Every structure is written in structure tokens, then in C-alpha cells.
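Here's the structure we're looking at; comments come further down.
First the proteins, then the strands, lettered A, B, ... as listed; each starts at 1. Model, not experiment: these values are computed from the prediction.
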Amino acid sequence: MKKIVEIDLENQRARVQPGVVNLDLSMVVADDGYYYAPDPSSQKACTIGGNVAENSGGPHTLAYGVTTNHVLGLEWVLADGEVIHTGAAHWDRPGYDLSGVFVGSEGTLGVVTEATVRLSRKPEAVKTLLAIYNEVVGATRTVAAITAKGITPAALEMMDGFCLRAVEDAVHAGYPRDCAAVLLIEVEGLREAVEEHADEIEAVCRENLAREVRRAKSAEERDLLWKGRKGAFGAIGRISPNFYVQDGVIPRTRLPEMLDFIGSLEKKYDLHIGNIFHAGDGNLHPLIMYDERNREQTVRVIKAAKDIITRCVEMGGSITGEHGVGLEKSDLMPLIFSEVDLELMGRIKTLFNPQGRLNPGKLLPTGKMCGELRGGLLAGGTT
Amino acid sequence: VTLAVDCVRADLEALVGAPKVLFGPDECLPMAVDGMVPEFIVLPGTAEEVAAVLHYASEHQLGLIPRGYGTKVSMGARPKKYDIALSLRDLKRVIHYEPADLTIGVEAGMKFGEFQNLVGQSGLWLPLDPRGGEDSSIGGIIAANAAGPLRQGYGGPRDMVIGLKIATTDGKIAKTGGRVVKNVAGYDLGKLLTGSMGTLGVIVEASLKLFPRPPERATFALSIATLEIARELRRRILRSPLDPMRLVLLDASAAALMNDSVKGPESDEMELWIEIGGSHRVIERCMLELRHLASAVGSTLARREDAEKAWERISNAARWLKPKYRDVTLLKASLPLAATEEFLSRAQLEASSEKIPLAGFALVGVGIVHLWALQEALGTNIGAWVARLRQAAKALGGSLVIEHCPTKLKGQVDVWGASGDDLGAMRKMKAAWDPQAVLSPGRFVDGI
């Protein structure tokens with residue numbers, strides 16, 4: 001099911017089957033100046049159906065919202081085989097927003113067979129900045145300062161020195177190998193607004209001790225920087241036999257503290273942790289290196305991952321920003337949700353999935369391994 | 001019957017305290033909904049008290065309608081029963097506020113005006129201009145998913161809610177989402193509750209994304225001689241690099257209202273209003289672009305210095321129209337963008353053949369058309385007119401609801417219109433939350 005059923009540019013929407021690859025949809029409308037805004041790092045391979053099930057994000061969701069903000073209507077098949085249509089090809093169809101519940105339900109409420117999504121207009125101008133720091137704390141402080149200044153970049157990503165060296169080795173994207181961290185910042189919009197915002201952001205970077213702020217001089221240079229960022233997980237895969245991707249969220253002003261904490265875990269558990277964040281919205285992706293043949297080390301990885309998530313929750317954050325709950329985190333749900341909350345979600349699940357046949361065991365806790373990450377699933381991830 | 005009422009009163013007083021329970025027809029008249037006066041007004045002071053009252057209503061099958069300041073309570077079908085008005089106006093605390101993180105959590109009864117004043121001190125806002133304006137409550141705005149023209153630039157409540165606390169009919173308080181701007185843990189019940197019109201549970205607290213206010217704003221009006229020009233301008237503006245905060249096509253009557261003309265339309269020209277936000281340079285550039293666009297299609301451009309007042313008139317329509325047009329009816333059609341102008345013109349045609357004075361506003365970049373039937377007294381023909389417009393909206397690929405009207409009209413025409421093949425799922429959803437059907441009973445789609 002990988003057909004683009006209809007492109008309707010005047011109405012800024014497309015109707016697609018679930019197997020359509022995310023990037024393919026953007027490519028099809030690119031010449032007309034449109035694109036599909038949610039851009040997971042795996043967008044070359046991931047499908048719209050999967051994006052809908054996971055409510056996928058991506059670097060540029062900072063300014064434009066995640067999948068749920070771009071889905072107008074869905075066709076889905078219920079557990080008993082009934083086909084229903086929720087939402088519409090326009091906003092505000094009267095009734096409950098069942099599409100809003102379905103998006104991000106991780107395949108536990110039904111199977112999506114068609115989606116009507118919004119297409120967005122490409123901006124007139126884009127500027128990509130690379131701010132380079134000798135100390136990580138400068139980068140994290142910059143993120144908080146940019147948010148506090150009221151500038152919303154289209155994307156605001158952070159990579160630490162370890163990750164960007166791995167990226168450089170794999171992609172040769174032009175990241176400086178000798179720094180502690182970089183911020184990849186993108187501003188989009190009207191030419192004048194982009195220039196002003198880029199200048200303001202550059203000033204904020206320098207105030208927070210960026211040693212250098214580069215601007216991509218061409219589309220090629222920009223594409224290369226993004227290729228590096230989006231290919232980072234793959235690049236890490238070249239240097240570590242296994243790595244564990246954590247996905248947590250914190251209020252963005254707490255980034256400096258969180259980085260210190262992750263640093264302390266490296267010492268505590270004698271592990272190496274790389275940091276790649278969708279920093280602008282406080283979404284962390286710490287990467288914990290390990291070798292799965294080393295059982296004892298694997299146990300330390302699980303502990304460190306759990307500590308990071310617990311710290312996210314203590315800071316008022318979430319156990320997942322975009323990778324979802326799945327099997328791995330279902331038993332962590334009680335960290336942020338009470339029994340009442342979970343019972344209510346269970347009721348919704350039972351409505352649509354009474355026998356638990358749709359993606360069994362996912363999203364809600366099973367009670368078998370309360371509060372523990374599931375060790376058996378420690379494989380490298382994407383996004 | 002008297003005895004039963006006394007029992008309920010004593011029970012409610014035990015739950016929330018005697019001073020927070022009002023009763024008797026005179027006391028309760030201000031909370032009437034569609035002509036139905038409740039037996040009690042309950043003003044809980046905490047989320048737990050809200051949950052306790054909901055549980056009580058469910059156990060005793062008492063119809064309950066939650067409300068803030070009543071700005072949107074006319075929306076929905078006539079309730080099947082209405083015993084308790086649950087006022088949330090005493091729930092108005094700030095729960096958390098982190099200006100640097102652009103997030104805030106407040107109780108549902110906080111007035112929107114007070115909310116905006118609070119966050120405005122840090123140069124922030126919730127970029128919404130819902131029906132009811134500053135007098136709305138935060139909870140009511142979310143429950144009605146109420147958005148106005150600002151939806152063009154910022155989206156609606158659906159896009160701004162990051163977490164909710166909801167009191168349920170089993171007497172509990174459930175949480176969905178959280179306090180951070182990105183979060184996919186668990187089902188997104190915030191989306192479900194947004195726009196559910198108080199029929200599933202009662203929103204007691206909301207966490208929201210905030211936005212920086214643009215440094216400067218400017219509104220421009222373009223004259224529109226024909227529908228074809230309106231279409232062409234919409235296409236060109238939406239393809240241009242302009243990124244309007246608001247973009248509204250006004251028919252001649254609506255333009256007259258916005259221009260504060262008491263005499264009614266001075267000409268039969270439509271106007272396209274566009275608001276831009278940004279730095280001085282950005283606004284200058286946009287003005288230049290708009291001037292080019294205007295001359296390309298044979299339109300004239302004027303900058304509106306008094307626009308903020310005019311925009312408020314759209315939000316507060318029901319309030320300021322009411323003294324003059326006692327039986328004003330407000331309709332909202334949701335359509336594909338390309339159908340907005342055609343629908344507006346069709347509505348004008350149908351209205352003039354029925355001699356219904358009409359003002360129409362089309363949010364052409366969002367696909368929403370608001371129609372105001374300006375009547376001093378409800379005509380007998382208006383039900384048929386609404387039905388025909390609903391047919392027209394459907395034929396164009398959209399739908400139409402009545403947002404506000406005299407109660408009499410609700411007996412003639414369905415407020416919400418026909419449902420689709422997801423009605424069964426919606427009914428199951430309602431039953432899962434409110435098995436005794438006591439929350440705003442019968443007010444939502446298809447009698448839910």
C-alpha cells in the first residue's frame with residue numbers, strides 16, 4: 001500500500017496510503033514549492049503509516065509541530081474488520097477527534113489504511129548556522145537563551161564532540177573535529193526575518209562562548225551538515241558494536257543540568273555516552289555505547305538508561321519524545337502516569353482492541369517487569 | 001419532588017460546602033441553557049471537588065453542564081436534562097509557569113483575558129482569538145476547540161495543549177500529556193478532550209505552549225471587486241513568502257461591521273484583511289509584496305491602524321450584536337480552502353433570496369467560513385436556509401455547524417449535522433467516559 005492517491009496543492013493536502021515513504025511525499029511536491037513538514041531522521045526509509053502510528057517528530061518539528069499537527073483525516077481498520085474514517089479532508093469536522101487519539105497509538109487501536117495530510121509551503125529563505133563550542137555547557141546555555149529570547153528557529157540540534165567526530169569520519173560533512181559540541185541551527189521564513197534572526201542567534205551563541213559561528217554558504221553545504229546530523233546514528237554504529245538510544249524530554253532550560261548528570265553517569269557506570277539532542281524542544285537522544293556480548297556491561301547500560309529517564313521525569317519531562325513507548329518503555333509508564341491515568345488509557349484500548357490482538361503488550365504496562373527497561377531489546381535504533 | 005431536591009442539595013453541600021451550592025430558579029436563571037434552568041449551581045474550589053460532583057451526578061443520573069463564563073454555552077443541541085450547572089470560575093490558579101521554557105499550566109476556570117495579561121508581562125501570549133474573546137475561560141476554549149482568525153498563523157487550541165487534567169464521572173482525576181512541548185507517552189487524550197464540548201469529562205487544568213509576541217503587527221485591507229479576484233489573491237498570498245497571522249475575506253456587510261459603519265454596507269465590495277507580524281523591516285517588505293499583489297489583480301491596499309479593535313469584533317460577535325440583533329445566528333462551515341469563496345457567495349445568494357441580512361467572514365487560508373445571520377427576530381425560513389447551506393457545504397466537501405442561535409431554531413434543524421461512519425466509535429467513546437450519559441447530555445453530535 002504505497003500509492004500517493006491524490007495531491008491537491010490548492011487545498012494544501014495529500015491523500016496517501018500508509019506505505020508511502022515520508023521523503024517521497026516531499027519529493028513529489030518539491031518542484032511546486034511544497035513539502036510534508038514532519039521530517040524524522042529516518043525519513044528516507046520510514047513510512048507515513050508508521051509516522052502516524054508513532055506520532056513521529058524530527059528536527060524541524062520544533063517550529064512546525066509533529067505528525068499529529070499535520071494529519072487532517074484517517075481511514076483505519078478496527079480489530080473486527082470494520083473500516084472507519086475519522087477527521088476529514090478539512091479541519092473541524094464535528095464530533096470527537098478520534099484521529100487525534102489514533103495518531104501515536106502505536107498500532108494498538110487499529111491499522112491505518114489511508115491518511116490525508118497537510119502539505120506546507122517551502123520558505124523563501126533558509127539559513128543554517130553551525131555554532132562551535134569548546135565546552136558543552138556553552139551549547140546547552142545557548143539553547144535556553146535562544147528560547148528565552150523568543151526566537152523559534154526551524155531546527156535547533158546539538159551534537160557533542162564524540163558524536164560529531166563519528167559523523168565526520170563517516171560523512172565528511174564539515175564538522176570541526178576538535179570541539180566539545182556544536183549546535184546546528186536553522187532559521188526559515190521571509191528573507192528579512194531570516195537575516196535578523198540569524199544575526200540575533202549568532203549574538204546569543206557568542207554571548208555563550210561559542211568559539212566560532214559558521215553559516216552554510218550554499219545549499220550543498222547545508223545538505224551536507226544535515227546529512228551528517230541525520231546519519232549520526234549510523235555513524236555511531238561504525239565505531240561501537242552496539243549502542244542504546246535513549247529518548248527522553250526535559251524542559252529546555254534544564255539542558256545544562258542534564259548534560260552534567262549524563263556526564264556523572266558515564267563515570268558512575270564506566271560507560272561512554274554520546275549526546276545528540278533535538279535541543280530546541282528539550283528532546284534528548286543520549287547514545288550509550290556497549291557490546292552486547294558483555295552481559296555485565298549490558299546491565300550497566302540498562303541502569304544508566306533508566307537513570308536518565310528517571311531524571312527526565314524528576315525535571316518535569318517525559319519518558320519519550322518521539323520514539324514511542326512500545327514494549328521497551330511500557331513498564332516505565334507508571335513513572336509519569338498514575339493508576340487512574342493508566343486505567344483510563346486501558347479503557348480506551350479495550351474499546352478498540354478488546355482482545356489485545358493489535359500489537360500485543362505495547363504501550364501500556366503489563367505489570368510483569370514493573371519499572372524496568374526491558375533488557376532483551378537493547379539493539380541500536382534509528383531516528 | 002421537593003424532598004428529592006432537598007436531598008440532592010444536602011448531598012452537594014456535603015461535597016463542596018454550603019456556600020458553593022446555589023439553588024432556586026432565581027439564583028439559577030443566569031445559568032440557563034437553551035431555556036432550561038438548572039436546579040443547582042455548584043462552584044467547586046478544587047479539582048477533587050469537581051470529580052466528586054461528577055461522580056455524584058453520574059450515580060444519581062443528574063444532568064450536568066460544565067461552564068466557565070458562558071461565552072460558548074449556546075453551542076450544542078438542547079440538553080436532554082439539566083440539573084446541575086458546574087461553574088469552574090473558582091478554579092483559576094496558576095499551577096506552573098516557566099516563561100523561559102514557553103510553557104504554563106493553569107486551572108480551567110482562569111479567564112483568557114487574565115491569562116493573556118499574565119503571560120504578556122514576559123512578552124508571551126497564547127495566540128488565539130476564540131469566540132468569546134477575553135471573557136472565555138481556558139477550559140472552555142479547549143473544550144470547544146475555539147479558534148478565530150489567528151489560526152492562520154498559529155493553529156488552534158488542539159496544537160497548543162500539551163497536557164490536561166480531567167475530572168471523570170467515576171470521581172477521579174486523570175492526567176494526559178505533560179508539561180513539556182514534545183511528548184508521545186501514552187494515548188493523546190488531550191486531542192480527544194479538545195473539542196469534546198464537556199461530554200466526556202471536565203477539564204480542570206491545562207498545560208499549554210506559549211509563543212513570543214511579534215515585535216510589531218500591521219493589518220492591511222485589500223479591496224475585492226469580484227469573487228474571481230478573491231480566489232486569485234488567496235492563491236497568490238498562500239503561494240507567496242508572506243506568512244500572515246490572520247487572513248480573512250469579508251463580504252460587504254462584514255466589512256461594514258468591521259469598519260464600524262452603523263449604516264450598513266456603503267458599497268457591495270468585499271475586503272481581504274491580512275495581518276502580518278514581525279520586525280519593522282519584515283512589515284515594510286510585506287507591504288511592498290502586498291502592493292504588488294494588489295496592483296496585479298486590480299485591487300487597492302490600505303493599512304488599518306485601528307485593526308485590533310476590528311479583530312476583537314469578530315471574537316465578541318455574539319455579545320455586541322445581541323442588543324441590536326436579538327436573534328442572531330452564527331454558523332461555521334469547514335471546507336477545503338479552494339471552496340471558501342464559492343461557499344461565501346452561495347450563502348449570500350441564499351440569504352438575499354430569503355431576505356436574511358447576512359455578514360460573512362471566510363478564513364480562506366484555513367478553510368473556515370463564519371456566517372452571521374443578523375436578525376432582530378428569528379424568521380420562519382431560517383431553518384430551511386441553514387439546511388440548504390449545509391447541503392452546499394457538503395457538496396463542496398465540507399460540513400457546517402450552528403455555533404450560536406436562538407433555542408427555537410434548535411427544534412428545527414440539527415446543530416451539528418450528519419455524522420460519518422465513525423459514529424459508532426464515538427458512541428463507544430462516550431460510553432467509556434460517561435456511562436450514565438450525564439455530562440452535557442444530548443448536546444453533542446447525533447444526540448451524544
Side-chain angles (χ1 to χ4, degrees), chain A residues 10-12 33 54-55 57 65-66 68-69 84-86 89-98 100-101 103-105 121 123-124 144 147-148 150 189-190 192-193 196 249-253 281-283 316-322 324-325 333 336-338 340-341 344-345 347-348 351 363, chain B residues 98 100-103 123 145 155 158-159 168 172-176 178-189 191-192 194-196 212 235 238-239 241-243 278-279 281-282 285-286 334-338 366-368 397-399 401 416-417 419-422 425-426 428-429 432 445:
Chain A
E10 183 164 8
N11 289 312
Q12 299 176 350
E54 296 295 321
N55 194 13
V66 293
T68 193
N69 306 105
I84 64 169
H85 297 81
T86 58
H90 55 82
W91 290 121
D92 292 5
R93 209 193 105 208
Y96 296 129
D97 183 0
L98 297 179
V101 181
V103 176
S105 64
R121 188 75 189 154
E124 174 185 51
T147 310
L190 206 66
E192 288 79 359
E196 288 167 11
V249 191
I250 56 170
R252 345 176 211 211
T253 46
D281 41 25
N283 188 186
S318 172
I319 61 170
T320 171
E322 57 181 13
V325 175
M333 289 282 275
I336 49 171
F337 291 115
S338 70
V340 172
D341 310 336
L344 184 61
M345 287 186 208
R347 229 187 292 164
I348 307 292
L351 279 187
L363 198 139
Chain B
E98 300 82 17
D101 274 318
L102 308 183
T103 53
N145 193 23
R158 187 188 190 275
D159 305 299
T168 59
K172 292 173 177 160
I173 296 163
K175 183 187 100 165
T176 171
R179 293 182 178 189
V180 282
V181 295
K182 201 169 175 188
N183 189 356
V184 295
Y187 297 131
D188 192 351
L189 302 182
K191 297 281 181 297
L192 180 66
T194 304
S196 67
R235 287 187 196 119
L238 294 181
R239 276 200 313 257
L242 301 170
D243 183 13
S279 67
R281 263 179 82 209
V282 164
R285 159 83 195 283
C286 290
S334 308
L335 298 153
L337 311 187
V366 182
I368 305 281
S399 56
V401 299
W416 299 103
S419 320
D421 58 16
D422 55 347
M426 287 189 198
K428 279 203 261 179
M429 191 61 89
V445 291

Residue part contacting chain A, namely of [X], when any heavy atom lies under 4.5 Å:
| X | result |
| --- | --- |
| B:I368 | side chain |
| B:V445 | side chain |
| B:L189 | side chain |
| B:V401 | side chain |
| B:D101 | both |

Identify which part of [X] has an atom lying under 4.5 Å from any heavy atom of chain B, answering side chain, backbone, both or neither.
| X | value |
| --- | --- |
| A:R121 | side chain |
| A:P123 | neither |
| A:R252 | both |
| A:L363 | side chain |
| A:A89 | neither |

Using 0.5 Å steps for rounding, measure from the [atom1] atom of [X] to the [atom2] atom of [Y].
| X | Y | atom1 | atom2 | result |
| --- | --- | --- | --- | --- |
| A:D341 | B:K172 | CG | NZ | 11.0 Å |
| B:K175 | A:I336 | NZ | CD1 | 6.0 Å |
| B:K182 | A:N283 | NZ | CG | 4.0 Å |
| A:M345 | B:T176 | CE | OG1 | 5.5 Å |

Heavy-atom pairs under 4.5 Å with chain A are the metric here; pick the option from [options] that has the most.
| options | value |
| --- | --- |
| B:G155, B:G398, B:G123 | B:G398 |
| B:G186, B:C286, B:S419, B:G420 | B:G186 |
| B:R281, B:M429, B:E98 | B:R281 |

**Study point:** Salt bridge flag under 4.0 Å for residues A:E192 and B:R285
**Key:**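 So A:E192 pairs with B:R285 through a salt bridge.
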Exercise for review: Would you check, one step at a time, whether the test side chain to side chain donor-acceptor pair (under 3.5 Å) holds for A:D92 with B:S334?
Suggested key: CA-CA 6 Å; A:D92 292 5; B:S334 308; 4.6 Å; no
Exercise for review: Among the options A:I250, A:V249, A:D281, A:V66, pick out the one with the most heavy-atom pairs lying under 4.5 Å from chain B.
Suggested key: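 Top count of heavy-atom pairs under 4.5 Å with chain B: A:D281.
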